[in-house]
4 protein chains.
Amino acid sequence: MTRDGAEHRPCGRGRPRSEQSRDAILQATLDLLEEAPLREISIQTIARRAKVGKATIYKWWPGKAYLALEAFLENTGRHAPIPDTGSARQDIMTHISMLSNFYLTRAGRIFAQFLAEGQSDPEFRKSFWDCFLSVRRRTVLPMLRRGVERGELRSDVDTDLVIDLLYAPMVYRLMIGHAPLDERAIQGYVTVLLEGLGTRVVDSRRK
Amino acid sequence: MTRDGAEHRPCGRGRPRSEQSRDAILQATLDLLEEAPLREISIQTIARRAKVGKATIYKWWPGKAYLALEAFLENTGRHAPIPDTGSARQDIMTHISMLSNFYLTRAGRIFAQFLAEGQSDPEFRKSFWDCFLSVRRRTVLPMLRRGVERGELRSDVDTDLVIDLLYAPMVYRLMIGHAPLDERAIQGYVTVLLEGLGTRVVDSRRK
Amino acid sequence: MTRDGAEHRPCGRGRPRSEQSRDAILQATLDLLEEAPLREISIQTIARRAKVGKATIYKWWPGKAYLALEAFLENTGRHAPIPDTGSARQDIMTHISMLSNFYLTRAGRIFAQFLAEGQSDPEFRKSFWDCFLSVRRRTVLPMLRRGVERGELRSDVDTDLVIDLLYAPMVYRLMIGHAPLDERAIQGYVTVLLEGLGTRVVDSRRK
Amino acid sequence: MTRDGAEHRPCGRGRPRSEQSRDAILQATLDLLEEAPLREISIQTIARRAKVGKATIYKWWPGKAYLALEAFLENTGRHAPIPDTGSARQDIMTHISMLSNFYLTRAGRIFAQFLAEGQSDPEFRKSFWDCFLSVRRRTVLPMLRRGVERGELRSDVDTDLVIDLLYAPMVYRLMIGHAPLDERAIQGYVTVLLEGLGTRVVDSRRK
DNA sequence: CGCTAACCGAGACGGTACGTCCAGTCTTGCT
DNA sequence: AGCAAGACTGGACGTACCGTCTCGGTTAGCG
């Protein structure tokens with residue numbers, strides 16, 4: 001965790017940071033994110049809601065996006081365990097399906113706003129990647145590796161690229177919103193992708 | 001085109017809209033988008049740059065995002081023709097490759113900001129879809145259809161879903177920015193996808 | 001009449017000025033003055049109300065104050081005839097009393113706004129003087145002269161000064177609004193003034 | 001003092017109001033009033049001149065008129081002491097003469113603009129009355145009372161009315177501007193008024 | 001126990017952009 | 001040529017936030 005309110009204390013002198021304020025701020029942020037997009041939430045409003053001085057927020061976070069990110073990570077970011085059923089195909093399908101459920105909740109909308117924020121703030125984009133996205137991707141790696149080791153998945157495709165292929169369609173629908181992210185769509189995505197990612201026994205493929 | 005400055009006039013009464021002002025506004029917007037993200041551009045600045053009254057902008061566009069969209073469509077949106085080489089696989093690879101080049105230009109960054117804007121403004125999301133995204137998707141349809149008719153592509157996958165699969169990885173990399181959108185990546189994406197989307201002659205697939 | 005819409009026509013060429021528009025504009029102005037002070041009335045509003053182009057107004061009047069003045073003169077400015085009862089004291093009392101009634105109507109409020117306008121627009125102040133105030137003052141002159149000739153009024157006081165003394169208290173109360181301009185007040189003013197302005201024969205008045 | 005920036009603070013919490021800003025705002029207002037009528041001064045200009053945020057002005061004053069009033073009261077409103085020579089006639093003449101000098105300065109023009117403002121803003125009219133006019137009038141009361149007690153002035157005329165009569169002509173000339181407010185005019189006014197207001201012993205005056 | 005450092009709430013501050021409104025000017029086509 | 005309609009530049013309006021800055025007051029650990 002890089003750009004959020006964690007390390008600051010040089011030594012134990014002086015009054016320590018108020019955990020109560022910190023919690024109130026994060027909670028107020030989450031509450032407000034229920035009602036409005038991040039953009040329309042002002043730091044003033046968060047401060048008022050949390051009964052906290054504006055300066056206290058600026059002291060610990062560089063901006064509302066970072067604040068929202070920390071709130072998100074602490075309260076909403078726990079999700080999508082990696083299954084291990086013995087079948088990579090089954091694992092992937094289950095994982096993606098669970099992930100899609102995550103994207104369908106309020107958390108999904110917040111996630112989308114983080115991506116949006118990143119488009120005009122490269123520094124935040126980096127933070128989001130470091131604190132959330134890269135962690136997630138690292139987490140699924142073993143699952144894919146198992147598939148490759150068992151010979152279920154092709155070994156000649158870069159893992160990063162595989163993850164992109166698996167995650168991208170969901171994110172794409174989330175951001176564009178042209179069609180619902182329902183079970184049918186997920187099924188379709190994964191089916192096609194597994195077809196392309198899987199190995200074949202005989203493989204007298206295509207004319 | 002729905003929410004941008006097009007139809008307004010009931011009849012030919014009154015002073016007609018100044019095409020000169022319109023062009024100056026759109027040009028100023030494009031110029032400014034070279035230097036900063038949409039978020040950081042104020043309508044005041046656009047007006048000043050275009051030597052135009054702020055009210056003139058508000059009269060014809062509901063906000064800077066719509067303004068940017070119109071500028072984008074008029075000056076940057078022409079690209080990525082649909083190839084027809086006789087081979088659907090070849091067509092797709094060429095198309096996606098050309099499209100990735102588009103995303104690598106300044107236009108790509110602007111495109112990303114439109115998606116970002118859509119996360120906090122549903123109305124704009126709709127406009128962006130109507131004026132750009134849906135048009136693009138409609139345009140590739142024939143290409144895919146040809147592939148299906150020629151027996152090159154599976155016919156049991158919904159076309160919308162196919163398009164999602166083709167476009168999503170590029171957009172995903174564009175927004176997250178964790179890795180470059182280079183030719184190697186594109187090759188990887190398309191190769192895997194075509195594997196999954198293609199038909200097979202014998203198809204004694206997999207155990 | 002100097003700065004209002006009177007002379008403009010060089011010759012009889014072209015379409016003549018529309019009397020209908022002129023009347024509609026003046027009427028709209030009067031109507032609006034019923035509801036709001038001159039300050040809060042915009043030329044746009046007048047034009048809309050009169051179903052007239054804004055340019056038509058600007059063509060014939062230099063500003064809304066002049067427009068209001070012309071409307072005022074034409075529709076409201078007729079009032080306060082000069083009595084001639086044979087007694088100057090009686091004449092004055094009657095005249096001032098009638099005038100105070102004028103100031104109590106909507107016309108009084110409009111009159112006050114003309115004075116107000118004059119405080120920031122010397123040119124308009126001049127117009128108001130020329131078109132209205134000076135005319136009024138000239139009108140009362142004979143009345144005062146009769147009083148002097150008959151020996152009722154002192155001859156050693158400048159007439160302009162007398163008129164100031166007679167009119168000022170009403171205008172003062174009108175503008176400050178600290179007390180009503182009722183009959184009692186008028187009686188008080190005039191009584192004292194006549195005492196000061198009148199001649200005396202022997203006059204062993206009052207203890 | 002009612003509607004100006006005085007009391008607002010509930011207690012000593014928060015950063016205290018900046019006296020420096022307050023002074024800079026009032027000074028800038030006075031400076032600008034030297035050059036232009038109140039109407040033509042924008043709050044933006046005041047803020048710029050005082051190097052102050054616009055919001056700071058709006059926080060403490062409801063409009064530029066109130067702001068100008070406070071500046072006026074603080075820097076210009078101190079004047080016209082009430083003389084006490086033993087002769088009410090002498091006192092009055094001196095007082096009015098001094099007052100007329102006040103009206104001849106820049107302060108006079110500002111005073112006129114306050115009256116003007118009051119014609120379209122009743123609330124400000126009230127403020128002006130409360131903060132300035134009524135105070136002034138209360139101040140002269142003792143002078144008049146002395147005159148009555150000494151038998152120099154009539155006791156049967158309402159004091160408010162007397163003050164109106166004394167002050168009105170000056171204000172009238174100030175607002176209409178048809179003739180200068182010189183010593184001759186003042187002499188004339190007061191002479192006539194004292195004639196009307198004074199008591200007489202035997203008084204076989206004037207042929 | 002008192003000192004001192006760092007925290008905290010409250011809220012005023014200079015500044016910038018917002019979106020609206022109006023002034024005054026201009027360009028149409030109709031009368 | 002006058003007119004209605006209405007678009008134009010320009011600029012002030014009053015509001016909302018931003019991020020910074022004082023205040024007075026609180027809460028630790030250290031001396």
Side-chain angles (χ1 to χ4, degrees), chain A residues 8-18 20-21 41-45 47-48 50-60 62-64, chain B residues 8-18 20-22 40-45 47-48 50-60 62-64, chain C residues 8-18 20-21 41-45 47-48 50-60 62-64, chain D residues 8-18 20-22 40-45 47-48 50-60 62-64:
Chain A
H8 221 274
R9 219 80 41 69
C11 69
R13 290 263 274 160
R15 177 177 175 177
R17 174 173 182 184
S18 157
Q20 184 188 320
S21 288
I41 298 172
S42 72
I43 291 198
Q44 314 229 110
T45 308
R48 209 160 343 159
K51 279 154 181 297
V52 137
K54 233 189 338 168
T56 305
I57 296 181
Y58 282 109
K59 181 169 185 65
W60 299 105
K64 63 186 169 191
Chain B
H8 226 273
R9 219 80 43 67
C11 69
R13 293 229 278 179
R15 177 176 175 175
R17 176 173 182 185
S18 158
Q20 183 188 318
S21 288
R22 180 177 173 278
E40 293 171 13
I41 298 172
S42 73
I43 290 195
Q44 314 235 108
T45 307
R48 210 152 27 211
K51 280 159 183 295
V52 138
K54 223 181 354 163
T56 306
I57 295 181
Y58 282 109
K59 181 171 186 62
W60 298 106
K64 61 186 170 189
Chain C
H8 219 275
R9 219 83 38 71
C11 68
R13 289 258 275 158
R15 177 176 175 180
R17 174 172 182 183
S18 157
Q20 184 189 320
S21 287
I41 298 172
S42 72
I43 292 198
Q44 314 230 106
T45 308
R48 208 159 0 185
K51 276 155 184 296
V52 137
K54 235 190 333 170
T56 306
I57 295 180
Y58 283 109
K59 180 168 183 69
W60 299 106
K64 62 186 170 190
Chain D
H8 226 273
R9 219 81 42 69
C11 67
R13 293 230 277 177
R15 178 175 172 175
R17 176 173 182 182
S18 156
Q20 182 187 320
S21 289
R22 194 189 100 99
E40 294 170 13
I41 298 172
S42 71
I43 291 196
Q44 316 234 109
T45 308
R48 210 152 28 213
K51 279 155 184 296
V52 138
K54 224 181 354 161
T56 305
I57 296 181
Y58 282 109
K59 180 168 187 64
W60 299 106
K64 61 187 171 192

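Side-chain atoms are counted along with the backbone in the values below, which use heavy atoms only and exclude waters and symmetry mates. In this text, all values refer to a predicted model and were calculated from it rather than measured experimentally.
Judged by the 6.0 Å and 45° rule, B/Arg22 forms no cation-pi pair with B/Trp60.
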Taking only N/O atoms, report every protein-nucleotides 21-23 of chain E pair under 3.5 Å with atom names and distance.
| from | atom 1 | to | atom 2 | distance (Å) |
| --- | --- | --- | --- | --- |
| E/dA23 | OP1 | C/Ile43 | N | 3.3 |
| E/dA23 | OP2 | C/Ile43 | N | 3.1 |
| E/dA23 | OP2 | C/Gln44 | N | 3.4 |

Might you list the N or O atoms of the protein lying below 3.5 Å from N or O atoms in nucleotides 28-31 of chain E, with each pair's distance?
| from | atom 1 | to | atom 2 | distance (Å) |
| --- | --- | --- | --- | --- |
| E/dT31 | O2 | C/Arg15 | NH1 | 3.2 |

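For the pair B/Ile57 CD1 and E/dA17 P, the computed distance is 13 Å after rounding to whole Å. Protein atom NZ of D/Lys59 is 13 Å distant from nucleotide atom C1' of F/dT15, rounded to whole Å. We find that CZ of B/Arg22 is positioned 20 Å from P of E/dT27, with the value rounded to whole Å.
Put simply, D/Ser21 has no side-chain N or O that comes within less than 4.0 Å of OP1 or OP2 on E/dA12. Using a 4.0 Å cut-off, some side-chain N or O of B/Thr56 falls inside it from OP1 or OP2 of F/dT9. Between D/Trp60 and E/dC13, a side-chain N or O to OP1/OP2 separation shorter than 4.0 Å is present.
Heavy-atom minimum distance, A/Ala47 versus A/Gly53: CB-C, 4.4 Å. Nearest approach of D/Ile41 to D/Lys64, heavy atoms of both residues: O-NZ, 2.8 Å.
The residue among A/Lys51 and B/Gly63 whose nearest nucleotide of DNA chain E lies closer to the 5′ end is A/Lys51.
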